Amino acid sequence: MKKSIFIIALSVLCLSSCNEDKFLNETPIDFMSGDNSYMTQADFDAATTELYYLTRKEFFCNGDRSQDYLFGTDMIQGTSPQSNIATDQNPTGDIAKVHWNNLYLLISQANVIISRVHQSTIDEAQKVLFEAKARFFRGFAYRTLTYLYGGVPLQLEEVTSPKTDYTRAGKEQTLQQALDDMNFAAEHLPDIKDVKDGEISAPAAWTLVAELQLALGHAQEAVDAASKVIQNPALALMQNRFGRRSGQPGDVYWDLFQRGNQNRSAGNTESLWVIQLNNPDVPGGGSSTNTYFWTVPGNFLAERYFSPQVGLFKFIMPDGSQLSPFIWPTGDYTGGRGIGSGIADEHFYTEVWQSDWSNDIRNSNYNFVRKIKYNNPDFVAKYGNAFGDSIDLMNPVIPAGVTMLTGVQNQSTLPGRYLTGYQSKCTTPFDHPDGLYLNKSTYLLAGTGGGTYSDQYMLRLPEAYLLRAEAYFRLGQAQKAADDLNVIRRRAHASDVTASQVSVDYILDERMREYGIEEKRRLTLSRMGELGNRVRKYNPWYGASHSADGKEFKDGYALYPIPQTAIEANKDAVLEQNPDY
């Protein structure tokens, strides 16, 4: 009894003598909460990993939506997933909503890190480093939002309660915020030689600083930023064969895109920022051989969209019988599990290559496949003498009386959805993950493929040269612009461009040659104010002849609409819609 009275008395004493606010404040000890998270380096490492995940999801692993950066541009004819701009780019549609939500989620996660890091227990140097990482991704997100939507609401602190009164900042103000963030990142991130594969670094940030300076009209500042990257002694364009498949037929450009070759650990000195996807079936990896193509986040679906569906290509014989010379899906140069919905338009397919068709290695059959070997042994055994061992899409040899089925609606001309030239970087010829093969000796694939099972470049060193060339051109220094372009062209064995040939269109064409489907083309064209001009000029799917069916590219379509869901949720202020929507 005496013991019980003592305990009660002690409790009363504590209540009367202790600070009541502190006493009533609950501090979680054995579980994570908002109060005790974001305190240690491990906490911030985990939070930063989420930034990489969100970026990978938006730009590579978001099914159809990750392809929006290419479809509807001056490179890819409009089929699935964008066939009618008036319908697809609708304020209530997925295109408007998904990118907006994903990029603001990236900003939200970055803001949490920025708001909390200086209240944590980590040392001051680590605080600055984590802030730099978070500001890199926040700047990257605002930069992308501006190119896609124009000026957008700026939120620079962690949101801890509902907010429904956002207004749009101007385009210049939004770009300036992105630049401020990226400048901070560039000044405080480590050099590229001091980071792990896949991590952001100072050269990656300086490259984006150069881009943002151009977007703001600051050409000399863009030259200065790009020069920091180009002059970095740890960086250089790859000039010789390298990597795990360098003994295979190909060239140095082909080597850049083989599985395992994208990272600096493979000896690749032109990588600036590589998205890590080449880890199938490994926890934390970005790809899975068990993930079907409509899973989000799932695999990067470049193979699915940009290689042809050769199994549906058929020769129609004089007697009416039909036979495909291809077994599909096969992990060879037929393109894996492609469905051919991303056919290159004529400009990308042939026109940009004309001056150096045979000598530019980026246009070799290893890299832009237009001659495809037959892989159906029954067809070869029966018709090999008449058709040869392959079909040359630029000069097909078709026996008399034979026609072709090359695409939907009985198309019989090349290229078609069932047989088209394509960039081999969208797939991994003869090198898919083992888990995808039904028969590795014949490279026959399972039906659940369609992903591109290799790490993917977000930035390569040619970007710095191309940005600096653009900046020099805008400064009226055409010879310096040509010099930078020729660094890239000489690696490709292409002829030199002269100062008089340099123009905005030429720079955009050189980007097309160097990057092709690798580039987030919509962002480049939007930044340069050239999306509508180039689409109308080179993409017949969206030309004036389609004005009656809603496919014509109107000027307003250069920006996506603000999602209707965001407008309606913002009940205490007006979130203005973009024109033409």
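What you see is a predicted model; the values in this text were computed from it and never measured.
The closest side-chain donor-acceptor pair between Thr524 and Glu519 falls under 3.5 angstrom. A donor and an acceptor atom, one from each side chain of Asp224 and Ser227, are nowhere located under 3.5 Å apart. There is no side-chain donor-acceptor pair under 3.5 Å between Lys371 and Tyr333. In summary, the side chains of Tyr457 and Asn268 do present a donor paired with an acceptor at a separation below 3.5 Å, with no hydrogens or angles considered. With hydrogens and angles left out, the side-chain atoms of Asn486 and Asp483 include no donor and acceptor closer than 3.5 Å. A donor-acceptor contact closer than 3.5 angstrom links the side chains of Tyr147 and Glu211. A donor and an acceptor atom, one from each side chain of Glu351 and Tyr538, are nowhere located under 3.5 Å apart.
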Stepwise, does the ring-ring contact (aromatic ring centres under 6.0 Å, His included) test hold for Phe368 with Tyr366?
-> CA-CA 6 Å; Phe368 208 127; Tyr366 299 116; over 10 Å; no

Run the numbers on Tyr53 and Glu58 for side-chain hydrogen bond (donor to acceptor under 3.5 Å, both in side chains), then give the verdict.
-> CA-CA 9 Å; Tyr53 163 79; Glu58 163 63 14; over 6 Å; no

Decide yes or no on side chain to side chain contact (heavy atoms under 4.5 Å, CB included) for Met182 and Arg135, but give the supporting numbers first.
-> CA-CA 7 Å; Met182 203 59 68; Arg135 291 188 67 173; over 6 Å; no

Going through the distances and angles, do Asn395 and Asp392 end up as a side-chain hydrogen bond (donor to acceptor under 3.5 Å, both in side chains)?
-> CA-CA 5 Å; Asn395 187 28; Asp392 184 345; 5.3 Å; no

Chi angles and distances behind the side-chain hydrogen bond (donor to acceptor under 3.5 Å, both in side chains) call for His347, Asp509 | CA-CA 9 Å; His347 188 61; Asp509 284 350; 2.9 Å; yes

Verify side-chain hydrogen bond (donor to acceptor under 3.5 Å, both in side chains) between Glu346 and Thr350, making sure each step is shown before the conclusion.
-> CA-CA 6 Å; Glu346 188 64 26; Thr350 60; 2.5 Å; yes

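Heavy atoms only, all atoms of each residue included: Leu419 and Leu414 are closest at O-CD2, 3.5 Å. Residue Leu272 comes nearest to Ser201 through the heavy atom pair O-OG, 4.1 Å, listed as atom of the first residue, atom of the second, then distance. Annotation for Asn376 and Phe326: closest pair CB-N, 3.8 Å, computed over non-hydrogen atoms. Counting all heavy atoms, side chain and backbone alike, Thr144 lies closest to Leu523 at CG2-CD2, 4.0 Å. Nearest heavy-atom pair across Ala471 and Ala222 is CB-CB, 3.9 Å. Of all non-hydrogen atoms in Phe348 and Trp353, the two that sit nearest each other are O-NE1, 2.9 Å.
Between atom OG of residue Ser307 and atom NZ of residue Lys425 there is a gap of 14.5 Å, rounded to the nearest 0.5 Å. Atom CG of Leu103 sits about 6.5 Å away from atom CG of Leu148, to the nearest 0.5 Å.
At least one side-chain heavy atom of Arg536 sits less than 4.5 Å from a side-chain heavy atom of Asp555. The side-chain heavy atoms of Asp332 and Pro429, taken from C-beta on, include no pair separated by under 4.5 Å. Counting only heavy atoms from C-beta outward, the side chains of Gln309 and Pro329 never approach each other to under 4.5 Å. With a 4.5 Å cut-off on side-chain heavy atoms, Phe430 and Gln248 do not count as touching. A heavy-atom distance below 4.5 Å is not found between the side chains of Asn102 and Leu54. Between Leu256 and Glu270, some side-chain heavy-atom pair lies under the 4.5 Å cut-off. When side chains are defined from C-beta on, Phe140 does not count as touching Ile200, because their heavy atoms never get closer than 4.5 Å. The side-chain heavy atoms of Leu214 and Arg474, taken from C-beta on, include a pair separated by under 4.5 Å.
The backbone N or O of Arg522 sits nowhere less than 3.5 Å from a side-chain atom of Thr73 that would complete a donor-acceptor pair. Listed for the Arg491 side chain is a donor-acceptor partner under 3.5 Å among the backbone atoms of Met238. A donor-acceptor distance shorter than 3.5 angstrom exists from the side chain of Thr452 to the backbone of Cys426, with no hydrogens or angles considered. In this structure, Arg259 contributes its side chain and Asp455 its backbone to no donor-acceptor pair below 3.5 Å. Under a 3.5 Å cut-off, the side chain of Gln258 and the backbone N or O of Gln262 do not form any donor-acceptor pair. Listed for the Asn261 side chain is no donor-acceptor partner under 3.5 Å among the backbone atoms of Phe257.
The ring of Phe300 has its center no closer than 6.0 angstrom to the ring center of Phe59. Aromatic rings from Tyr422 and Phe306 are positioned such that their centres are separated by 6.0 Å or more. For Trp273 and Tyr52, the distance between ring centers is not under 6.0 angstrom.
A cation-pi contact links Arg370 to Tyr349, judged by a cut-off of 6.0 Å to the six-membered ring centre and 45° from its axis.
Under the side-chain contact (heavy atoms from CB on, under 4.5 Å) criterion, Asp194 pairs with Pro190, Asp191, sequence neighbours left out. Every side-chain contact (heavy atoms from CB on, under 4.5 Å) that Lys537 has, sequence neighbours left out, goes to Asp505. Not a single salt bridge (charged side-chain N to carboxylate O under 4.0 Å, His left out) links Asp251 to another residue, sequence neighbours left out.
More than 12 non-hydrogen atoms from other residues, nucleotides or ligands lie less than 6.0 angstrom from NZ of Lys520.
Ring geometry for Tyr437 against His432 counts as perpendicular: the plane angle is over 60°, on a 0 to 90° scale with 30° as the lower cut.
Using a 4.0 Å cut-off between charged side-chain N and carboxylate O, Asp68 and Arg65 make a salt bridge.
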